[in-house]
Amino acid sequence: MLSAIIRRLIHMIAVLFGISVLVFLIFFATPGANPAARIAGRNASPQTIARVERQFGLNKPLPVQYGLMMKKLFITQNLTSFVNLGEKVVPQVFRAAPITLSLVTGAAVIWIGFAVLIGLLAAAFRDTLIDRILMILSLIGISMPVFWVATMANLITQGQFHHSWLFSWVPPLGYVPFNTSPLGWFKALIIPWFTLAILYIGLYARVLRAALIETMQEDYIRTARAKGLSERQVLMHHALRSAMIGIVTLFGLDFGALVGGGALLTEVVFGLQGIGYLTYQALETLDLPMILATVIYASVFVVMSNAVVDILYAVIDPRARQAR
Amino acid sequence: MTEVKQRPAQGYWALALRKLMRNRSAMISVLVLVLIVLSCLSAPWYAKYVSHTNPFQSNLSGTIMRHGHAVEVLGAADNPLKLGIEPIGPSGRLGPYMLGADQQGRDVAARLLYGGQNSLLISSIAAIITLILAGLTGIIAGFFGGFIDAAITWALDALWAFPVFLLAISLSVVLIAHGLDIGPLRLDASSLALPISIIGIIYVPYVARPIRATVLTLRQSEFVLAAIGIGASPWRIVWRDILPNVISTIIVFAPLIIALNLLTEAALSFLSIGVQAPAASWGTIIHDGESLIYTRPLVAIAPGLLIVVTVIALNILGDGLRDALDPRAKLRL
Amino acid sequence: MIKRILLLALLLAGMATAQAAPAGYGGTLRMVTVSASGTFDPQVNYTLRYAQLFQMLYDGLVTFAKTGGPKSVTIVPDLATAVPVPTDHGLTYQFTLRTGVKFSNGQPVTTAAVVHSFRRLFKVNSPNAGTWYDVIVGGRRCLAHPRSCKLQGLVVDPATNSITFHLRHPDAEFLDQLALAFAAILPVNTPDHNMGTRPVPGTGTYMVKSYDPSTGLVMVRNPYFHQWSALAQPKGFPSVITYRFGLSAESQVTAVENGQYDWMYEDVPADRLNEIATKYTKQVHITPTNWTLYVPMNVNIPPFNNKDARLAVEYAMNRESTVKLAGGNRLAIPTCITLPPKMPGYSAYCPFTKNPGKHWSAPNWRLARHYMKKSGMIGQKVTVITSLQAPYRQIGVYTQDVLNRLGFKASVKAISPNIDFTYIQNTNNHVQISITDWAQDYPAPSDFLNVLYSCNSFHKGSDSSINISGFCDPAIDAEMSKAELFSLKHPNQADAMWSHIDHQITRRAVAVNLFSFERLDFVSARLRNFQFSGEFFFLPQLAKIKP
């Protein structure tokens, strides 16, 4: 087990290394990405640009530049932005993290709650009209582009209906920190939460329903029924518990990806300055240090959640351990 | 992850097809898809005989007859400051500017049909690329194991965690003036190759992983072990025993990946990395509509609805295929 | 009786409010923008967004008058007591430093601070160190060896507070360049490196209390400030000015409408114009600017190395259509020449239109097709490069359409605005035609013509080669130097020379000039006394906040 974990760790570091090198190479292969002219300002003389290049070490060989940047990012942690000179990137990432965490956690609570509800209802009323309607709604949920839903939500709540009684409570776009105003925090996030959750509600409800129906045919459920437990009790106490195992692994992967910045489009459309927004802005301004910091932060989460899920799988299912 | 342990029997495909044909919702979605594809293919006809405009040409200073008098396609907004320009709104009936004009004075309805062609083409070709690449890597990794498996797993993990948008933005800049030469392949910036290649690559890990897992289990199964025992060549084993089992997984994945690709294409276009103007896709039309959302919201709403309908139909079809081919599979959507 | 009491009460009430806020001082002005704008070092930052702040935080020896209207482009003495007339055939400028002025950290402004600030320009790699300030004797050496920079051409006498600049050659724009934030006087102990996010103390009416590139900044009154010249550095009306970063333009409009912010930096998105013009008519201010949108054509590579091909494009482009893409006639004025209407030396001229004369009227497709045929470039591939922003992207699409109608095989590529500007400049990228813009640094015709079309502005293979067309004609260069020398002595006659040069370059068809922008400012209902400077745009310190 321990050696498996160590192997997993080495694999993780290798993946992170590969990603950071790729990001670095892509950046320098992009014409017009060289930051020297942009740092120097418009119409700077060639001498000035050459001096800026020297000052930022942009004239050094790429492997040296890569090494220096990684050292500044991980060891001294004083890597600064190419755009807002002097701005340290690591604290920026950690400042954006709580915003993303607020968004994703709230959405996760909503999606798990609704998905369990819908999944249970659909399984309980299997093959009835209720089941059909719920499953069609879930399908619609997973079939809408997230940014489009977000745009539509903004159109309705910030546009012409903003002054109607229904949406007059909606605050302007942007984040309100929890310790500034808990109510403001809640009001600012409630629409983004639901927007982000819709996709996962649909997805998880479908998966849960399938898992529940499958479990209900297992032997031990039949035994439970035979013991005289009501159908509802069987569903709630026995079937749901085992069906949730599949959901938990799914949840690990999705939550990790979202916390790492996977909610980029939601954050951008709603103006929430989380990790995704930071990544988006860094890409827009081609700020290599910021891109590296956010990308590595994101990949840590994705790779870690993958690893956790794999290990969980190995614990649950011995066959997978053998396959590894 | 699949439980298939044996080579599919002879009547397997025929049986699956019959099962699918009996699935009413799957058949309805096939109908819907055929309808969408046909109407998109009718785009040139629509542009010529119904909208009477070229949807790829700017029409900034043109006029059109409405209610008996000439109206500017792009007219000054009616306000005290004479501020802003508004494209002509939907006419509401079959004819020119049925759904109104966009910022360049082009017919939105005609662009939607042409855009559908591109969106569907991109999603389908990208899906084919994804499935072929995923099939190859999944089978090779699962069957040969060892170092090859480790290397492929590493590459897949790195790709999965890699920021798609960075890749897309950089590639689009590189491709701008130069195009990209990969051996005999030439990627031209103005073609659809850019979105196709980006979208085609990013979902490879998503499909390759379950295929690898399937192959791993198959590799341990009795009939493969027996084949190895009698000295069959590995290629023969892959061809005769493994591929047929993997194919059903790939077929089940196909509509789902096309659906995912449609959504991804829209997201990339939203970030302005996709089909290049003046060509259109549903995603780029949403993007154009973004800047008209307060005055002409229909420009952004209509392509979104088309995406939703298409993706729903694809997902239902995917469900039907799964039920027919692989009833015990627990595929993640 | 009752009437009289009422009158008295009204009088008293009036007096009370007058006492509480004498002549509109006080309150908080809340500004908002989408993001930070780079380093906060006034000697390095080259963005309008921060120049607008620096003008009330820092002072140079001279400045542009801080007022609205045409007077805002005149140079007035600031930390110097007077604006000097150059002597020694334009080679020497002598100033006297004002006494008794202090920085916001309490340090006095001394001649040593002046010397330090000018040397610092070279040490911090100021963008204009090598294009403007190296005209000072010793500047070239400082550029090559910043660490040992002495700048011999700057001579001061602490006893008499005199400051003398010796130039290598006469420079008609030297005073303009001294009036910008690059030449701000900073404390003598300001570090010799780019200060990045740490604001430097200044002499202006405000000082920065806090600055964070991800959230915004807060400016408060400079405790050491006393007004020495109402034109050079007026005492600001608001007590506090906040600047919030991180709202998209769409959200900014909503927030200003709802009174959450008083002023937004970004342009109002096109689809909100009707809404604000209808519902918030009185909160909209429109002012012309010296800011032009143009389409440079690369005269060194096919197809636009062929003058007939360029002429075809000039005649075919519908200026009125592009104006529509920029929001209509109120926000853009069609043009054919380089200089914008408010610039000295501007004289209306348009050869590329249906009825050639002063103004553009309609595209001339007959001539366009004629030149296209003559050029032999039909069927040639052309790629239009543009930035993703509105209206550039839309104009790019329109340009592609025009090129296709002419017979080119055109495509359009929209790229991130941050890459776009350097990408189109670098000759290695072989850009044929692009959509871009130029805004003045200061109101001098050479800031357009000399910068955009002189041989000196063309650098092969460099990301900084602002002569995007790659146009270089020694005869025109000579005329420009002559005009510049001439403007030192006879500014009015020089204007005629500049306009002649402008028209000459126009006839060479090296770029399609489309229109000059008008700036629309959208302010909150409680903002009064909106003043717009031709140099710094909206002047936040002059705004009065209704309590």
Side-chain angles (χ1 to χ4, degrees), chain B residues 54 56-62 72-87 102-106 165 168-170 172-179 188-191 194 271-280 284 287-297 299-300, chain C residues 250 253 268-279 281-282 284 286 318 320-331 362-363 381 383-386 388 390-391 393-402 404-405 409-416 419-420 423 428-432 520:
Chain B
N54 181 346
F56 300 108
Q57 223 172 50
S58 307
N59 187 14
L60 294 165
S61 304
E72 274 187 291
V73 174
L74 290 179
D78 181 28
N79 58 56
L81 297 175
K82 292 269 163 270
L83 208 55
I85 297 288
E86 279 180 357
D102 68 2
Q103 258 181 338
Q104 300 271 347
R106 302 172 297 203
F165 302 125
I169 288 177
S170 310
S172 64
V173 179
V174 176
L175 283 173
I176 280 168
H178 317 288
D188 186 18
S190 58
S191 68
L194 176 69
L271 297 171
S272 327
I273 318 147
V275 178
Q276 290 294 325
T284 54
H287 184 63
D288 289 342
E290 275 278 287
S291 51
L292 289 170
I293 194 103
Y294 279 84
T295 44
R296 298 279 175 249
V299 183
Chain C
E250 288 280 359
V253 176
V268 174
D271 65 330
R272 306 296 291 275
L273 289 172
N274 187 34
E275 176 189 340
I276 63 162
T278 311
K279 287 197 214 156
T281 317
K282 288 200 176 127
V284 175
I286 302 176
N318 188 333
E320 205 62 59
S321 292
T322 60
V323 161
K324 279 188 175 179
L325 292 173
N329 285 319
R330 288 302 305 271
L331 295 179
K381 277 193 177 174
T383 306
V384 184
I385 307 283
T386 174
L388 282 167
R393 177 167 158 266
Q394 284 79 4
I395 292 173
V397 172
Y398 169 72
T399 308
Q400 182 233 17
D401 190 45
V402 170
N404 274 339
R405 272 191 267 173
K409 282 207 175 88
S411 57
V412 58
K413 292 285 161 295
I415 52 182
S416 155
I419 310 181
D420 175 65
Y423 184 90
N428 292 341
N429 298 326
H430 307 291
V431 176
Q432 296 161 310
L520 184 151

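Per chain, numbering begins at 1; letters A, B, ... match sequence-line order.
Between B:Lys82 and C:Arg330 the shortest heavy-atom distance is O-CG, 3.5 Å. Closest of all the heavy-atom pairs between C:Tyr398 and B:Leu60 is CD1-CD1, 3.3 Å. Between B:Ser61 and C:Lys324 the shortest heavy-atom distance is CA-NZ, 4.0 Å.
C:Gln394 places no side-chain N or O within 3.5 Å of a backbone atom of B:Gln104 that could act as its donor or acceptor partner. In this structure, the side chain of C:Asp401 engages the main chain of B:Ser58 through a donor-acceptor pair within 3.5 Å. Side-chain atoms of C:Asn274 never come within 3.5 Å of backbone atoms of B:Gly84 as a donor-acceptor pair (strictly under, hydrogens ignored).
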### Message
Go through it in stages, so that I can follow the logic: the residues are C:Val397 and B:Arg106, the test is side chain to side chain contact (heavy atoms under 4.5 Å, CB included), and I'd like the CA-CA distance, side-chain angles, deciding distance and then a yes or no.
### Response
CA-CA 12 Å; C:Val397 172; B:Arg106 302 172 297 203; 3.8 Å; yes
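Only the side chain of C:Val284 comes within less than 4.5 Å of a heavy atom of chain B; its backbone N, CA, C and O stay farther away. Looking at C:Gln432, there are no atoms closer than 4.5 Å to chain B (heavy atoms on both sides), in backbone or side chain. B:Asp78 touches chain C through its backbone: at least one of N, CA, C or O sits under 4.5 Å from a heavy atom, while the side chain does not. Heavy atoms of B:Glu290 lying under 4.5 Å from chain C belong exclusively to its backbone.
Contact count against chain B (heavy-atom pairs under 4.5 Å) is highest for C:Val412 among C:Val412, C:Leu331, C:Thr278. Ranking C:Asp271, C:Val268, C:Thr322 against chain B, the residue ahead of the rest is C:Asp271, based on heavy-atom pairs under 4.5 Å. Among the candidates B:Gly75, B:Ser291, B:Gly105, the residue making the largest number of heavy-atom pairs closer than 4.5 Å to chain C is B:Ser291. For the set C:Gln400, C:Arg272, C:Glu250, the entry with the most heavy-atom pairs within less than 4.5 Å of chain B is C:Arg272. Comparing B:Pro80, B:Ala279, B:Ala76 by how many heavy-atom pairs each has under 4.5 Å with chain C, the most go to B:Pro80.
Between the CG atom in B:Leu81 and the CG atom in C:Leu273 there is a gap of 10.0 Å [rounded to 0.5 Å]. Taking CD from C:Glu275 and CG from B:Asn79, the interatomic distance works out to 11.0 Å, rounded to the nearest 0.5 Å.
Looking at B:Asp288 and C:Arg393, their side chains come closer than 4.5 Å, going by heavy atoms from C-beta outward. Residues B:Leu83 and C:Leu520 are in side-chain contact: their nearest non-hydrogen atoms beyond the backbone lie under 4.5 Å apart.
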